[in-house]
Amino acid sequence: MDAIIYCRVSTAKHEQASSLQRQKEELIELAAQSQLNIVEVIEERQSGYQVDREGVFQMLDYFSSGKANCLLIQDETRLGRGNTKTALLHQLFKLNITIFTLSHQGQLQVSESDSMVLQIVSVVEEYQRKIHNLKIKRGMKKAIEKGYNPSNNLSRIDQASGRERIDFPIKEVVRLRNNNLTFAEISSTLKGLGYNISRATVHRRYKEFISLENDKNNHIE
């Protein structure tokens, strides 16, 4: 397994430096015992209650990109404290990351209370996903009631993915907007058709289109 070693102390005080070094040395030894390949060693001097940590995002980047699939920490409090710890554990479990700790001399054993909280978080997240999907369906239904025909654009769904400028039916957006749909509802409608486009992007491209149309009309005049 490809592992990230994450070490953290709460302050930048000089006496904490030895603790950081000790964590690093002991985790390297644990990796050797467990026959893990160390990809990166991340060291931080930040409060565990703070989620905005450069090392945390660096660690998550490795896992999200598939460059590592295992985390080594002294114990779960090194990952974070309070809600920050819960949020990070939830994210790591979603990414199927195996966590080894020195305190357990092997894989992390989540406490009963932490396990219960993580289950609640998962349930809430699932309901949020359901609500999001229902909003998309609601936007689609309202658009169809206003005269939108999704079959006219199904042939262009394959153009909706990728990092390039997304092509979507801007004239339909204008028509739906004229029928008093909000940009959020229009965005939901487009997502239902496979166009992964945000409300802000719909709004921006709508304004660009209207501006170009006004320029054309002024030029003709």
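All figures in this text were calculated on a predicted structure; none of them were measured in a lab.
Looking at Q74, its side chain never comes within 3.5 Å of a backbone N or O of C7 through a donor-acceptor pair. Side-chain atoms of E26 do not come within 3.5 Å of backbone N or O of Q23 as any donor-acceptor pair. Panel note: side chain R8, backbone T77; a donor-acceptor pair is recorded below 3.5 Å.
In this structure, L108 CG and I73 CD1 are separated by 6.0 Å, a value rounded to the nearest 0.5 Å. A distance of 9.0 Å separates CG in D75 from NZ in K85, rounded to the nearest 0.5 Å. A distance of 10.5 Å separates CD of E76 from CD of Q109, quoted to the nearest 0.5 Å. One distance of note links CD of Q33 with CZ of F100; it measures 11.5 Å at 0.5 Å rounding. Expressed to the nearest 0.5 Å, how far CD1 of I210 lies from CZ of R177 amounts to 10.0 Å. One finds the CG atom of L60 at 6.5 Å from the CG atom of L88 (value rounded to the nearest 0.5 Å).
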For residues 36-43, please give each side-chain donor-acceptor pair under 3.5 Å, one per line with the distance, not counting sequence neighbours.
from : atom 1 : to  : atom 2 : distance (Å)
N37  : ND2    : D2  : OD1    : 2.9
E40  : OE1    : Y62 : OH     : 2.9

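Looking at every heavy atom in both residues, L79 comes nearest to Y6 through CA-CE2, 4.3 Å.
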Derivation of the side-chain contact (heavy atoms from CB on, under 4.5 Å) call for F57 and D52:
CA-CA 8 Å; F57 289 110; D52 186 11; 3.6 Å; yes
